[in-house]
Structures are given as C-alpha cells and as structure tokens.
Amino acid sequence: MAGSATMTISTLIGLVVAMATTFVPQAEARAFFVFGDSLVDNGNNNYLVTSARADAPPYGIDYPTRLPTGRFSNGLSIPDFISQQLGSEPSLPYLSPELTGERLLVGANFASAGIGILNDTGIQFLNIIRMYKQLEYFEQYQSRVTALVGAEQTQQLVNGVLILITVGGNDFVNNYYLVPFSARSRQFRLPDYVRYLISEYRKLLMRLYDLGARRVLVTGTGPMGCVPAEIAMRSPDGQCSAELQRAASLYNPQLTEMLGQLNDQYGTDIFIAANTRQMTANFVYNPQAYGFVTSKIACCGQGPYNGIGLCTPASNLCPDRDVYAFWDPFHPSERANGIIVQQILTGDATYMHPMNLSTILALDSRT
C-alpha cells in the first residue's frame with residue numbers, strides 16, 4: 001500500500017492518541033461547519049422522524065459520556081477529530097436547541113444520515129435533511145449570527161471558517177445499487193450516472209461558495225464495496241464487491257478533477273480534495289499494519305460479517321472496538337476515524353490535493 005502503510009502499529013496508535021490531546025496553535029479557535037451524511041452527522045437526525053438514527057446503545061459506547069449522541073460511531077467521528085485540531089469544541093447539530101447565542105460562533109453541523117447529492121437518494125429514510133436544505137439552513141444560520149454580531153462580522157466569520165463536506169456514497173449504496181433494476185440504474189449506465197452526480201455536486205459546491213465558503217475540505221467515497229454490509233449482501237467469498245469498487249474508482253478521480261476545475265474558475269484553492277478512498281483502503285486491505293484484527297467484520301451487527309441490518313442493543317458487540325476497522329455495517333470505528341483524520345492533517349499528495357489540512361491552517365494563520 002501507499003507509504004503510510006509501513007508505519008508501525010505503535011506509531012499509528014501514538015498519532016491517534018496525540019490527536020486527542022494536542023491542538024494546532026491559533027490565536028483563537030476557528031469556526032467549523034459540517035455538511036453531509038451519516039459519516040459526519042453528529043445528531044441532527046435525533047430531532048427528525050426517520051429510521052436513520054444512532055440514538056440508542058451501543059452507539060456512543062466509547063464517547064466521553066458513554067451515551068449515544070446521534071453519531072454513527074462507537075465514539076468520536078471525523079468532525080470531532082478535526083475540531084480538536086482546530087482547538088474548538090465539536091460543532092453542535094444545527095437542530096440542537098443548545099445551538100444559540102455565543103455557541104453559534106463556534107460553527108454548526110448540518111449533516112444528516114441517509115442523504116446524498118441527489119434529492120431522491122435515501123427516500124426510504126423519509127424525513128432527512130437533504131443537501132439543498134442543509135444549504136438553506138446555512139443561509140438561515142448566517143441570518144441568526146447577523147442578529148447577534150452584525151452583517152460585517154458575520155461575513156468575516158463565514159469567509160474564515162473551515163468547512164467539511166462528506167456526501168456521495170449514499171447515491172450509490174442507497175440509490176443506484178439499493179435494489180436490482182433501481183430507477184437510476186435503468187436511467188443511467190454507471191459511467192453516465194457518475195458524470196451526472198459530479199455535475200450535480202458541482203452545483204451544490206458553487207452554491208456553497210456563493211454563501212461565503214472559502215475553505216472547503218471535500219472527501220470522496222471510501223472503498224464502498226468493502227464495507228461489511230456490502231460484503232455480507234454481495235460477496236459469496238468475503239471479497240469486496242467488484243461493482244461498487246468500480247463505482248468508487250470512477251467517481252473519486254472525477255470528483256478531484258471537478259474540484260480542480262472549480263478552483264481554476266475561482267482563481268484560488270477553495271476546495272481541497274481528501275482521498276478518503278485511499279485512506280480507508282490502506283487499513284481495509286492491510287488491517288494488521290494498522291493494529292486492526294479485521295476489516296471485514298463489523299464490531300456491532302448481526303449475520304455474515306455482522307453486516308446485516310442495523311446496530312442495535314440486540315446486536316453482536318465486540319469487546320474491543322479499537323481492533324475493528326468498522327464499528328457497524330457501514331461506518332468506521334473511532335480509531336479508524338482518527339487514522340483518516342491524521343491523513344487529512346498530514347497526508348501527502350496521494351491523499352490530499354492540492355494541500356493537507358496542516359498546510360491550510362499554517363497558511364490561513366498568516367493571512
């Protein structure tokens with residue numbers, strides 16, 4: 001695998017532990033906004049009537065409170081690890097009643113489990129915050145902050161924030177490949193569907209820019225065919241699903257190319273591509289090198305590879321979450337999330353283009 005796969009287990013564990021205790025030095029913590037799906041939702045769906053929720057045990061079993069928070073994790077999520085690097089508290093879910101007054105200035109998380117780039121993705125989850133609505137909420141947020149600190153300060157705050165957006169995987173697993181002969185698979189051949197997704201995503205990112213975003217981390221999809229749910233449903237021999245892997249191999253390079261085109265259009269590096277497919281593939285294909293005993297079996301679940309259905313109080317539950325790459329049938333464990341964020345922070349051009357998060361923070365602290 002890529003160079004980081006040669007790191008020792010102790011080094012990797014040390015990096016993740018260090019991330020939990022060290023902050024990037026800044027004069028003041030930078031506001032942080034999150035958009036996307038269940039990989040980054042930290043509780044918005046708790047406030048919605050939907051089946052796409054993580055508000056019951058054993059979710060949150062390793063979170064500081066040991067309680068479920070709405071994060072689709074045993075503990076910390078990718079946004080939590082990034083917030084630590086910014087020296088700030090985790091951004092609250094936008095729908096949280098606690099997000100008022102000064103807490104608005106820390107940022108907000110607009111993400112909602114089940115959503116995709118397309119509005120018809122995740123329709124089986126009913127009431128979720130689709131991307132167009134997340135952007136409407138971002139606009140509403142700015143109005144609320146303007147009432148607090150005035151228009152000029154609000155614009156400065158929004159232009160200076162860091163944004164993370166993680167969306168796209170559900171457009172495959174919960175749309176195109178959700179059922180055989182799905183509506184979208186009848187409408188598009190896979191290469192054409194990927195091009196359509198990229199064109200629709202471009203519109204969302206341009207809208208985000210129009211709303212003031214000037215530093216946006218954009219993650220690709222992971223190796224979608226290798227999550228326990230897809231292995232359980234699609235693989236007779238425990239190997240990754242070839243068709244979903246093909247989708248990821250088509251989608252991710254086109255996403256990076258589109259982000260580069262947008263940066264050329266705007267004349268500066270607004271959008272930063274995070275190659276989460278490669279970051280995740282490293283420990284999926286070589287779990288032992290990263291201190292995991294398995295990347296095929298979820299810690300929490302049931303059926304083959306613990307990959308069927310949802311993680312519930314009645315599910316199988318592993319005793320040591322740190323040695324499982326996947327927490328539930330679709331989502332990485334807390335320690336896997338930490339490894340991903342370490343690559344976002346310090347990864348080379350294999351992982352981050354045109355620069356990593358450490359470089360962004362260093363550059364922006366001087367402006």
field: Option passing salt bridge (Lys or Arg N to Asp or Glu O under 4.0 Å) with R71 (candidates D62, D328, D80, D41)
entry: D80
message: Between R103 and E89, does any side-chain N to carboxylate O distance fall below 4.0 Å?
response: yes
- prompt: Does the pair D269/R215 count as a salt bridge with the N-to-O cut at 4.0 Å?
  reply: no
message: My understanding is that only residues two or more places apart in sequence, or in another chain, count here; which of them pass side-chain contact (heavy atoms from CB on, under 4.5 Å) with A247?
response: F172, Y177, L190, M224
- prompt: Quick one: side-chain contact (heavy atoms from CB on, under 4.5 Å) partners of T346, sequence neighbours excluded?
  reply: Q342, S358
[X] [atom1] to [Y] [atom2] distance, which is reported to the nearest 0.5 Å:
X    : Y    : atom1 : atom2 : result
M279 : N275 : CE    : CG    : 6.5 Å
T219 : I272 : OG1   : CD1   : 13.0 Å
I297 : F326 : CD1   : CZ    : 12.5 Å
I78  : N337 : CD1   : CG    : 4.5 Å
L357 : L361 : CG    : CG    : 4.0 Å
S295 : Y324 : OG    : OH    : 11.5 Å

message: Please evaluate residues L317 and I61 with respect to the criterion side chain to side chain contact (heavy atoms under 4.5 Å, CB included), reporting the C-alpha separation (whole Å), side-chain torsions for both, the decisive distance (0.1 Å), and the verdict.
response: CA-CA 11 Å; L317 180 66; I61 189 171; 3.9 Å; yes
- prompt: How far apart are the closest heavy atoms of Q278 and T350, and which atoms are they?
  reply: CG-CG2, 4.2 Å
- line: Between L310 and Q302, the two heavy atoms sitting closest are O-NE2, 2.7 Å
With sequence neighbours left out, what residues match [X] under salt bridge (charged side-chain N to carboxylate O under 4.0 Å, His left out)?
X    : result
D192 : R189, R195
R186 : none
E200 : K203

query: For C300 and C318, is the interatomic SG distance under 2.5 angstrom?
result: no
task: Start with the C-alpha gap between E230 and S241, add the side-chain angles, then the distance that decides, and say whether side-chain hydrogen bond (donor to acceptor under 3.5 Å, both in side chains) holds.
output: CA-CA 7 Å; E230 300 303 332; S241 162; 5.6 Å; no
Non-hydrogen side-chain atoms of [X] and [Y] separated by less than 4.5 Å:
X    : Y    : answer
V218 : Y201 : yes
N170 : I115 : no
Y196 : F188 : yes
Y351 : N356 : no
M131 : I117 : no
L178 : Q124 : yes
P191 : R246 : yes
Q343 : M352 : no

Under a 3.5 Å distance rule, please check whether [X] uses its side chain to pair with a backbone N or O of [Y] as donor and acceptor.
X    : Y    : answer
K296 : G238 : yes
T359 : M355 : no
N127 : T50  : no
N119 : R130 : no
T276 : G220 : yes
S112 : I129 : yes
N44  : A111 : yes
N46  : T69  : yes

task: Report the C-alpha distance between Y94 and Q134 in whole Å, list the side-chain angles of each, state the deciding distance to 0.1 Å, and finish with yes or no for side-chain hydrogen bond (donor to acceptor under 3.5 Å, both in side chains).
output: CA-CA 9 Å; Y94 186 67; Q134 292 185 31; over 6 Å; no
task: Determine, stepwise, if the pair T146 / S143 fulfils side-chain hydrogen bond (donor to acceptor under 3.5 Å, both in side chains).
output: CA-CA 5 Å; T146 298; S143 298; 5.9 Å; no
For [X], side chain to side chain donor-acceptor pair (under 3.5 Å) partners two or more places apart:
X    : answer
S235 : D237
Q239 : none
R277 : none
N175 : D120, T121

task: Check the pair N174, I123 against side chain to side chain contact (heavy atoms under 4.5 Å, CB included), reporting the backbone distance first and the verdict last.
output: CA-CA 9 Å; N174 279 310; I123 53 173; over 6 Å; no
- request: Would you check, one step at a time, whether the test ring-ring contact (aromatic ring centres under 6.0 Å, His included) holds for Y59 with W327?
  value: CA-CA 9 Å; Y59 284 98; W327 155 246; 5.8 Å; yes
cation_pi(R207, F138) dist<6.0 Å, angle<=45: no
- prompt: Are R214 and Y209 in a cation-pi setup, meaning NZ or CZ lies under 6.0 angstrom from the ring centre and within 45 degrees of the ring axis?
  reply: yes
task: Could you walk me through whether F35 and F110 pass ring-ring contact (aromatic ring centres under 6.0 Å, His included), step by step?
output: CA-CA 5 Å; F35 298 85; F110 301 92; 4.9 Å; yes
Residue pairs passing the side-chain hydrogen bond (donor to acceptor under 3.5 Å, both in side chains) test where at least one lies in residues 248-258, sequence neighbours excluded: T221-N252
- prompt: Can you name the ring pair (Phe, Tyr, Trp, His ring centres under 6.0 Å) partners of Y141, sequence neighbours left out?
  reply: F33
Kindly list each side-chain donor-acceptor pair under 3.5 angstrom involving residues 157-165, sequence neighbours excluded, with atom names and distances?
from	atom 1	to	atom 2	distance (Å)
N159	ND2	G212	O	2.9

message: Taking side-chain contact (heavy atoms from CB on, under 4.5 Å) as the criterion, tell me which of P332, S77, S73, P79 meets it with L39.
response: P332
- prompt: Around Q265, counting heavy atoms of other residues, nucleotides and ligands shown, do more than 12 lie under 6.0 Å from its CD?
  reply: yes
